[in-house]
Amino acid sequence: MINPANRVKTIELSQIRKMFEVNNSNAINLGIGEPDFDTPKHIKDSVINALDNGFTGYTPNKGLFELREAISDKLKKDNNVNVNPDSIIVTVGASEALYMCAQALINPGDEVIVPNPSFLSYDACVRLANGISVSADLKFENDFKMTLEDVEDKITDKTKCIILNSPSNPTGSVMDKKDVKSISKFADDENILIISDEIYEKIIYDVKHYSPAEFTENAILINGFSKAYAMTGFRIAYVTAREEIIEELLKIHQYNTACASSISQYGALTALKESQDCVKSMVSEFKLRRNLITNSLNDMGWECSSPDGAFYIFPNVGNGHKFVKEAFKNDVICVPGEAFGSNGKEFVRFSYANSYENIETAMKRLKNVKI
Ligand SMILES: Cc1ncc(COP(=O)(O)O)c(C=O)c1O
């Protein structure tokens, strides 16, 4: 029998992955966290082109300079953030960026403020670095938007970072500008870092996304291509922060992955440089589905407000685990909210990265669910 490292022993594999493995061909899967669209053709073509032209070797550790330049332009234009291409590392998904931050920044016993509920990787990455994750209890009454009040009283002299995720997985909430600003100022005052996971930035409806990197140099900004351009399998994202932080992150990146996939980097370059119409059309389709699922759930009496971003909705169903079981009996798959933290107990997460027709059918099936 092997004796794994103590820090690994306590980590559980994701419950969400299990949703992919269920063997029920009649079930409509509203558990999946990736766009159901194909990667836009011009992006795929650029990857084929990169292969044909022999761009199959290692790239610089930080990533292709052209790509980092394009990311730097994007950050200026979309986020009002000025960064030098040398302060950007292209990563193997946002997943690698998160892991890298935890490994490079957290000492044993350091505390990290993690939104509760939130994406599972945050807590796992903190614990894999022997850090302690401290819940910021997000409030249903405030549509689970993180505020300064949620974090302020969690700070101790051991606090190293605060994690922000807007638009959010699993709730779809988008933080207000005033909250992003006040948490940024607080991070400055207290000399705490912010790790801002902005992977859903582009999937947003009628409101604006703000990055803390606009307001503080203590922010580490993570963004990528998986969700906005339906490129989950390309495994491509990036992280940017002030230079002294990037130099430390690079040590983890260099010895962990050397560099992100060369051909995926060419795909990402095309995604940024060419027309953004593909993003617009995916987002407008997501919006129709968001409206359908919000109205249907509310009509059934499952309380939720209309999420402003991502492709998730997080209704209050009283008992998340029981609801998931009943939904499954009716051939609908969703994820218990508790998978995202203790504050998700009464909730379930539906992903609407599935066709309009399937969502309509799923909602009809859910009318039979009584708990
Ligand atoms: C909030 C959040 N951050 C990061 C990721 C990981 O993204 P990537 O595919 O770029 O590793 C996900 C994927 O579901 C996510 O929901």
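Counting starts at 1 for both ligands and their atoms, in listed order. Small disclaimer: the values here were computed from a predicted structure and weren't measured.
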Under 3.5 Å between some N or O of ligand 1 and some N or O of Y122? no
Tell me whether I199 reaches ligand 1 (any heavy atom closer than 4.0 angstrom to a ligand atom). yes
Could you measure the distance from the OG atom of S281 to the CZ atom of F286? Nearest 0.5 Å is fine. 10.0 Å
Can you confirm, on distance only, whether ligand 1 has an N/O atom lying under 3.5 Å from any N/O atom belonging to R235? yes
Tell me, which protein residue and heavy-atom name are nearest atom 12 (C) of ligand 1, and how many Å apart are they? F119 CZ, 3.4 Å
For ligand 1, does N165 get within less than 4.0 Å through its side chain, its backbone, both, or neither, judged by non-hydrogen atoms? side chain
Protein contact of atom 6 (C) of ligand 1 - nearest heavy atom, named by residue and atom, plus distance: S95 OG, 3.5 Å
Under 4.0 Å, heavy-atom basis, I'd like to know which part of E34 is in contact with ligand 1: side chain, backbone, both or neither. neither
So is A94 polar-close to ligand 1, meaning N/O to N/O under 3.5 Å? yes
Cut-off 3.5 Å, side chains only: do N116 and S342 have a donor facing an acceptor? yes
Rounded to the nearest 0.5 Å, what's the gap from CG on L75 to OG1 on T240? Could you check? 6.0 Å
Scan side-chain atoms only and decide if E190 and T159 contain a donor-acceptor pair under the 3.5 Å cut-off. no
Please tell me whether N3 and K9 have a donor and an acceptor in their side chains that are separated by less than 3.5 angstrom. yes
Starting at OG of S166, measure out to CD1 of I199 and round the result to the nearest 0.5 Å. 13.5 Å
Would you confirm whether the ring centroid of Y200 sits within less than 6.0 angstrom of the ring centroid of Y312? yes
Could you tell me if N165 and S118 have a donor-acceptor pair between their side chains, going purely by distance under 3.5 Å? no
Could you say whether the N/O atoms of S226 and ligand 1 ever approach to under 3.5 Å? yes
I'd like to know whether ligand 1 has F225 as a neighbour, heavy-atom separation below 4.0 Å. no
Among all protein non-hydrogen atoms, which one is nearest to atom 3 (N) of ligand 1, and what is the separation to 0.1 Å? D197 OD2, 2.5 Å
In the protein, which heavy atom is nearest to atom 14 (O) of ligand 1, and how far is it? K227 NZ, 2.7 Å
